Protein chains: 2
Amino acid sequence: MEWAYNVYEDRCPTRMVLDRLADKWAVLILDRLRGAPVRFNHIRRDIKGISQKVLSQTLKRLERDGLISRAVFPTVPVTVEYALTPLGRTLTDTVSALAHWAECNMDAVLAAQEAYDAAVERR
Amino acid sequence: MEWAYNVYEDRCPTRMVLDRLADKWAVLILDRLRGAPVRFNHIRRDIKGISQKVLSQTLKRLERDGLISRAVFPTVPVTVEYALTPLGRTLTDTVSALAHWAECNMDAVLAAQEAYDAAVERR
DNA sequence: CTGTATCCTGCCTGATACTG
DNA sequence: CAGTATCAGGCAGGATACAG
């Protein structure tokens, strides 16, 4: 499969979309939402190291991009559930493949880094 | 396919790897290198908008991660060719799938953005 | 041609505090 | 619980100049 001609162009819409996807937190969040809807602080607890601010920002961006939905329940205090939209669901396999690759090839990458650093050291 | 338990942990090696892949320029470069080896300035010209510095940094990181190789030819002036390593080649399909998704669903995302912005406007 | 070095600016982020 | 507002600091990234 080939990309369309304009992926390499600056500011083409495809690049904009790619920009969103090429984000660590977005990838983790999209994967986290693969199952049932999840609440804000639940995601926050699950994805270690993400700040409230960044989580909020990323969720908003993903919602704006139509990848996730936001449902507010008028409980006290309020409950908000995030879930994948149908569009977002078409992306999960791809995104998970990326993360899966990271899992599987982590060792190879770490070994390569050590070899590289050792080679630099010797110079 | 499920991720290993620790993807959600902070500073796990998998996250480190994911960090590298979740980079716009890295994705574009890896895709650009799918064919024959390419020289530095050739990549620079092809990928619009990338600066010399960022290209240099990203290439070095990808080389350190064992994803691409760097071959120096003692011509005058010197010629340097970058190519995918076997390890890097195992990643191209995944990375290209991501970019392909961006191409195919660009319109849906843009439409979602417009709808979102219009909804915000109305408030 | 293929980079590195330096400076400088702007944005991103964390920290903190506050609101509905 | 689910955010927003504000501020300060750091670091990524552009511009420019220079080197091998």
Side-chain angles (χ1 to χ4, degrees), chain A residues 10-11 15-16 18-29 32-33 36-65 68-83 116-117 119-121 123, chain B residues 10-11 15-16 18-29 32-33 36-65 68-83 116-117 119-121 123:
Chain A
D10 206 3
R11 300 200 181 158
R15 273 247 193 124
M16 286 177 44
L18 188 58
D19 247 348
R20 309 311 178 85
L21 303 183
D23 175 74
K24 180 176 72 167
W25 299 123
V27 169
L28 290 169
I29 291 172
R32 182 61 192 79
L33 293 181
V38 192
R39 288 185 305 168
F40 186 87
N41 276 334
H42 199 142
I43 303 176
R44 181 155 152 62
R45 272 192 304 275
D46 283 355
I47 301 183
K48 315 288 192 228
I50 193 170
S51 72
Q52 191 177 36
K53 185 181 180 180
V54 170
L55 176 57
S56 176
Q57 285 173 347
T58 308
L59 286 172
K60 200 181 293 183
R61 213 165 48 221
L62 290 174
E63 188 198 356
R64 179 168 182 266
D65 290 345
I68 66 176
S69 61
R70 181 175 178 276
V72 183
F73 300 95
T75 53
V76 180
V78 68
T79 301
V80 179
E81 281 188 353
Y82 290 92
Y116 182 94
D117 293 344
V120 170
E121 196 77 15
R123 255 182 276 141
Chain B
D10 208 2
R11 301 201 181 156
R15 272 246 195 125
M16 285 177 45
L18 189 58
D19 248 350
R20 311 310 178 85
L21 303 184
D23 175 74
K24 180 177 72 168
W25 299 122
V27 169
L28 289 170
I29 290 172
R32 183 59 192 81
L33 294 181
V38 191
R39 287 186 305 169
F40 186 87
N41 276 336
H42 199 143
I43 303 176
R44 180 154 154 61
R45 272 192 305 273
D46 282 355
I47 302 183
K48 314 290 191 228
I50 193 169
S51 73
Q52 191 177 34
K53 184 182 182 181
V54 170
L55 176 57
S56 176
Q57 285 173 346
T58 308
L59 286 171
K60 201 181 292 181
R61 213 166 48 222
L62 291 173
E63 188 197 356
R64 179 169 181 265
D65 291 345
I68 66 175
S69 62
R70 181 174 178 277
V72 183
F73 299 95
T75 51
V76 178
V78 67
T79 301
V80 179
E81 281 188 353
Y82 291 92
Y116 182 94
D117 293 345
V120 170
E121 196 76 15
R123 253 184 275 143

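Just so you know, these numbers come straight off a predicted model, no measurement behind them. Proteins come first, then strands; the chains are lettered A, B, ... in the order of their sequence lines, and each starts at number 1. Reckoned from all heavy atoms, side chains included, excluding hydrogens, waters and symmetry mates.
- At a non-hydrogen distance threshold of 4.0 Å, Asn41(A) from residues 41-50 of chain A come into contact with DNA chain D.
- Over its full length, the helix from dC1(C)-dG20(D) to dG20(C)-dC1(D) turns its helical axis through 50°, comparing axes from the five pairs at each end and rounding to 10°.
- In terms of heavy-atom proximity, Ile29(A) sits nearest to Leu62(A) at CG2-CD1, 3.9 Å.
- Dashed line: the shortest gap from a side-chain N or O of Thr75(B) to OP1 or OP2 of dC1(C) is not under 4.0 Å.
- When all heavy atoms of Leu18(A) and Leu28(B) are compared, the closest pair comes out as CD2-CD2, 4.1 Å.
- A salt bridge does not link Lys24(A) to Asp23(B): none of the charged side-chain nitrogens sits closer than 4.0 Å to a carboxylate oxygen.
- The side chain to side chain donor-acceptor pair (under 3.5 Å) test applied to Arg20(B) returns Asp65(B), not counting sequence neighbours.
- A donor-acceptor pair is defined here as one N or O able to donate and one able to accept, closer than 3.5 Å; such a pair exists between the side chain of Thr58(B) and the backbone of Val54(B).
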With 3.5 Å as the limit, what N/O pairs link the protein to nucleotides 17-20 of chain C?
none

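- At a threshold of 4.0 angstrom between heavy atoms, the contacts of Tyr82(A) are confined to the sugar-phosphate backbone, with no base atom among them.
- Side-chain nitrogen and oxygen atoms of Arg70(A) include at least one within less than 4.0 Å of the OP1 or OP2 phosphate oxygen of dG3(D).
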Show me the protein contacts with nucleotides 9-13 of chain D, counting only N or O atoms at under 3.5 Å.
residue, atom, partner, partner atom, Å
dG13(D), N7, Lys53(B), NZ, 3.1

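- Remark: Arg32(A) engages Asp46(A) in a salt bridge (Lys or Arg N to Asp or Glu O under 4.0 Å) (not counting sequence neighbours).
- Residue Glu63(B) contributes atom CD, which lies 15 Å from atom P of dT2(C) at whole-angstrom precision.
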